[in-house]
**Q** 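Below are the structure tokens for one structure; questions will follow.
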Amino acid sequence: MENSWKIIKECKFSNMNECVESLLKKNYKVSHWIKDIAKRTKTDLESIKFPIILTRIKVSELGIKSATTLKTIYNLLEKENFKLINPLIAINLRFYYDEQPKGEWLRFAVPFNSMIDSDGVPHLPKLGHGLGMYFLETYWSYPDAIFYPHGEFVVQKNSDI
């Protein structure tokens, strides 16, 4: 559970909308929800401390053996000294994961209510690869959203440990 997956040393974008526009220019497939959220979300880039060390965690590695809520997963991540990821860093990761296997969908643990669409629905980002394309999509981020033990999240290692 403690292996590093990606290390992000900087972000070239000052906000989510700049990042999304750059993804579109590189022909990544970006969902309408991500586009909507990116236009509405402010980013405090100065509050992001680099480098950011990311790791992947299966829900089962947190001791979960059956379906559970996102709130429970986030509470367990905090107890294990992991941090949630800033949404700008999460969507920026599409640039750093072109070796993604076909058929994989990888979710990012971002703070609740940090990615709200214009309908007021909270989301978390997920990366996918299929049909010869790389995607940036979303999944609901309600505290009571259900996830299963085989599910996986990208989280930030706590560098203060």
Side-chain angles (χ1 to χ4, degrees), residues 4-45 47-59 62 68-74 76-78 82-131 133-148 150-157:
S4 296
W5 176 60
K6 299 279 183 187
I7 298 174
I8 307 301
K9 296 179 182 176
E10 66 178 351
C11 182
K12 298 175 185 174
F13 308 102
S14 61
N15 61 60
M16 286 175 62
N17 199 48
E18 283 179 16
C19 185
V20 166
E21 291 299 320
S22 188
L23 285 165
L24 291 168
K25 287 177 186 170
K26 301 256 186 204
N27 290 320
Y28 290 102
K29 302 303 176 194
V30 180
S31 77
H32 293 292
W33 289 277
I34 291 285
K35 292 175 195 173
D36 178 67
I37 291 164
K39 290 176 185 171
R40 305 167 39 75
T41 304
K42 298 205 182 313
T43 303
D44 179 11
L45 194 59
S47 70
I48 302 173
K49 294 184 174 117
F50 294 96
I52 296 171
I53 302 168
L54 301 174
T55 191
R56 296 168 62 151
I57 303 239
K58 285 192 181 253
V59 174
L62 297 169
T68 192
T69 65
L70 188 57
K71 182 179 179 181
T72 298
I73 292 168
Y74 279 14
L76 290 169
L77 287 169
E78 184 179 357
F82 290 104
K83 293 181 181 179
L84 303 180
I85 301 170
N86 181 290
L88 173 60
I89 300 304
I91 66 167
N92 183 56
L93 232 36
R94 178 71 281 174
F95 288 113
Y96 295 94
Y97 191 38
D98 282 346
E99 72 275 14
Q100 185 173 20
K102 289 179 185 172
E104 178 186 71
W105 287 94
L106 187 58
R107 294 179 184 95
F108 289 80
V110 298
F112 285 120
N113 298 320
S114 63
M115 295 181 70
I116 306 277
D117 68 22
S118 57
D119 291 331
V121 176
H123 295 263
L124 56 83
K126 65 179 182 174
L127 303 181
H129 178 204
L131 305 173
M133 296 176 278
Y134 293 94
F135 295 87
L136 174 59
E137 301 275 343
T138 67
Y139 195 82
W140 296 299
S141 179
Y142 297 108
D144 291 330
I146 299 296
F147 292 88
Y148 295 89
H150 66 273
E152 190 171 24
F153 285 88
V154 175
V155 296
Q156 183 175 338
K157 283 186 163 188

**Q** Applying ring-ring contact (aromatic ring centres under 6.0 Å, His included) between Y97 and each of F108, W105, W5, report the one that passes.
**A** W5
**Q** Would you compute the distance between atom CD1 of I8 and atom CD1 of I85 and round it to the nearest 0.5 angstrom?
**A** 9.0 Å
**Q** Where is the tightest heavy-atom contact between Y28 and R94, given as atom of each residue plus distance?
**A** CD2-CG, 3.5 Å
**Q** Pair D117, H32 - check side-chain contact (heavy atoms from CB on, under 4.5 Å), show working.
**A** CA-CA 10 Å; D117 68 22; H32 293 292; over 6 Å; no
**Q** Got a second to check how far I34's CD1 is from I91's CD1, nearest 0.5 Å?
**A** 6.0 Å
**Q** To the closest 0.5 Å, what do you measure between CD (E18) and OG1 (T43)?
**A** 9.0 Å
**Q** What heavy-atom pair brings S114 and T41 nearest, and what distance separates the two atoms?
**A** O-CG2, 3.7 Å
**Q** Grab the two heavy atoms, one from I57 and one from V155, that are nearest each other, plus how far apart they are.
**A** CG1-CG2, 3.7 Å
**Q** Taking C-beta and beyond as the side chain, do P122 and M115 meet within less than 4.5 Å on heavy atoms?
**A** no
**Q** For K25, does its backbone N or O pair with a side-chain atom of E21 as donor and acceptor, under 3.5 Å?
**A** no
**Q** Any side-chain heavy atom of L106 sitting closer than 4.5 Å to one from V154?
**A** yes
**Q** Pick from K58, R56, R107: which one makes a side-chain hydrogen bond (donor to acceptor under 3.5 Å, both in side chains) with E152?
**A** R56
**Q** What I'd like to find out is whether the side chain of I89 reaches to under 4.5 Å of the side chain of C11, using heavy atoms alone.
**A** yes
**Q** Can you find a heavy atom in the side chain of Y74 that is under 4.5 Å from one in the side chain of P111?
**A** no
**Q** Throw together a table of side-chain donor-acceptor distances under 3.5 angstrom for residues 136-145, partners on residues two or more places apart or in other chains.
**A**
unit_1: T138; atom_1: OG1; unit_2: H123; atom_2: ND1; d: 2.9

**Q** Short question: side chain of K6, backbone of Y96 - any donor-acceptor pair under 3.5 Å?
**A** yes
**Q** Does I146 reach the side chain of T68, with side-chain heavy atoms less than 4.5 Å apart?
**A** no
**Q** Distance check, rounded to the nearest 0.5 Å: F13 atom CZ versus L88 atom CG?
**A** 8.5 Å
**Q** Return yes when atom CD of E104 has more than 12 non-hydrogen atoms of other residues, nucleotides or ligands closer than 6.0 Å, and no otherwise.
**A** yes
**Q** Nearest 0.5 angstrom please: R40 CZ to N17 CG, how far?
**A** 12.5 Å
**Q** Side chains of D36 and S118: closer than 4.5 Å at any heavy-atom pair?
**A** yes
**Q** Does a side-chain heavy-atom distance below 4.5 Å link F112 with L70?
**A** yes
**Q** Taking C-beta and beyond as the side chain, do I53 and Q156 meet within less than 4.5 Å on heavy atoms?
**A** no
**Q** Which distance, rounded to the nearest 0.5 Å, do you find between the NZ of K26 and the OH of Y134?
**A** 14.5 Å
**Q** Tell me every residue that passes ring pair (Phe, Tyr, Trp, His ring centres under 6.0 Å) with Y148, counting only those two or more places apart in sequence or in another chain.
**A** none
**Q** With V59 as reference, evaluate I73, L76, T72 under the side chain to side chain contact (heavy atoms under 4.5 Å, CB included) test and give the passing residue.
**A** I73
**Q** Please answer whether the main-chain N or O of G103 pairs with a side-chain N or O of H129 as donor and acceptor at a distance below 3.5 Å.
**A** no
**Q** Given side-chain contact (heavy atoms from CB on, under 4.5 Å), test S31 with F135 step by step and report yes or no.
**A** CA-CA 8 Å; S31 77; F135 295 87; over 6 Å; no
**Q** With distance as the sole test, does D119 use its side chain to make a donor-acceptor pair with the main-chain N or O of V121 at under 3.5 Å?
**A** no
